[in-house]
Amino acid sequence: MKLIFLGAPGAGKGTQADMLCEAVGIPHISTGDMLRKQMREGTELGRQAKAVIEAGGLVGDDIIIGMVKDRIAEPDCKNGFLLDGFPRTIAQADALSALTDIDMAVDIDVPTERLVARISGRRMCPGCGATFHVSTYAKETCDKCGATLYIRDDDKPETVKNRIDVYNANTQPLIAYYENKGILKRVDGDKKPDEVLAQIRTLTETL
Ligand code: AMP
C-alpha cells in the first residue's frame with residue numbers, strides 16, 4: 001500500500017497519517033518531520049532549511065526528492081508507506097512517479113477559513129513528533145513520550161497565511177495531477193479525527 005496524503009497546512013494530514021499507519025502497519029514518512037529533526041540536530045541541511053521553513057516557503061525540490069528517495073529505499077518500506085507533506089510541487093510528483101507507483105492519493109479537504117483556527121491551536125511534541133490540538137488536549141506534555149509540547153515557529157499567525165498561499169500556488173495543482181492519473185480520492189477533513197479516519201479506511205480497504 002503506497003499512499004500520499006494531500007491537503008492544506010492544518011488539514012490534519014499528520015494526525016490522520018499517525019492513526020492510519022498505526023492501524024495498517026506501514027511507515028509514516030513526513031518530510032516536515034524529517035526536516036525538523038535535521039534542524040534539531042543542527043545539521044548542515046537543517047541549518048539551510050531553517051529560514052525557508054520559518055518563512056513558510058518550500059525547501060528546494062532536489063533536497064527533498066533526495067531525502068524521500070533514500071527513505072523509501074529502506075527495508076521497512078518494502079510493503080508500502082504513507083507520504084505526508086510530499087510531494088508538494090509538480091517537480092516532486094514527477095520525480096516520485098519515476099521512483100515508484102503510488103496506489104492512491106487522498107486529498108483531505110478542509111475549507112480555507114477553518115485552517116487558521118486549526119493551526120493556531122496545534123501543539124507539537126519535540127520528542128516523538130506527535131501533534132495535539134488544544135481543543136481536545138489540555139496537557140502541556142506529550143502522553144506518548146512525556147516531552148513538553150511546543151508551538152511550531154511556522155504555526156505562528158504571520159507565517160500561516162504564507163504557507164496557505166504557497167500551498168494554493170504549488171501544491172493544490174497536484175489534486176488535478178493525481179486526478180488525471182486516476183488515483184485521487186477525496187475525504188471531508190472538516191470532521192472529528194476518528195470520522196475522517198473512517199472515511200480514509202473505507203478507501204484504503206479497496207486496495
Ligand atoms: P509540514 O510539517 O509538512 O507542514 O512541513 C513544514 C515545512 O517543511 C513546510 O512548510 C516546508 O517549508 C518544509 N517542507 C516539508 N515538506 C516539504 C516538501 N515536500 N517540499 C518542500 N518543502 C517542504
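Computed from a prediction, not measured in an experiment: that's the story for all the values here. Each ligand, and each atom within it, is numbered from 1 in the order the structure gives.
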Contacting atoms of ligand 1, where contact means under 4.0 angstrom from a heavy atom of G57: 10 (O), 11 (C), 12 (O)
Criterion side-chain contact (heavy atoms from CB on, under 4.5 Å) against F81, the qualifying member of I72, L3, D76: I72
Common cluster, I26/I200, ILVMFWY with side-chain heavy-atom separation under 4.5 Å: yes
Option from T43, D33, I63 for which side-chain contact (heavy atoms from CB on, under 4.5 Å) with Q38 holds: T43
Part of D154 within contact of ligand 1 (heavy atoms, under 4.0 Å): side chain
Heavy-atom neighbours of D70 CG exceed 12 at 6.0 Å: yes
Ligand-side contact atoms (ligand 1) for residue partner Q92, heavy atom cut-off under 4.0 Å: 18 (C), 19 (N), 20 (N), 21 (C)
Ligand-residue contact atoms, ligand 1 with V59, heavy atoms, under 4.0 Å: 21 (C), 22 (N)
R123/D155 salt bridge by N-O under 4.0 Å criterion: no
Under 3.5 Å: N/O of S30 near N/O of ligand 1: no
Proximity to ligand 1 by part of I64, non-hydrogen separation under 4.0 Å: side chain
Polar contact flag for G85 and ligand 1 (N/O pairs, less than 3.5 Å): yes
Residues D194, K192: salt bridge by 4.0 Å N-O rule: no
Protein heavy atom at shortest distance from atom 14 (N) of ligand 1: L35 CD1, 3.5 Å
Numbered atoms of ligand 1 (with element) below 4.0 Å of T31, judged on heavy atoms: 15 (C), 16 (N), 17 (C), 19 (N)
Hphob cluster co-occupancy, M124 + F5, side-chain heavy atoms under 4.5 angstrom: no
Greater than 12 external heavy atoms within 6.0 Å of R114's CZ: no
K13 and ligand 1 - part of the residue with a heavy-atom distance under 4.0 Å: neither
Pick from R88, M34, M39: the one approaching atom 5 (O) of ligand 1 most closely through a non-hydrogen atom: R88
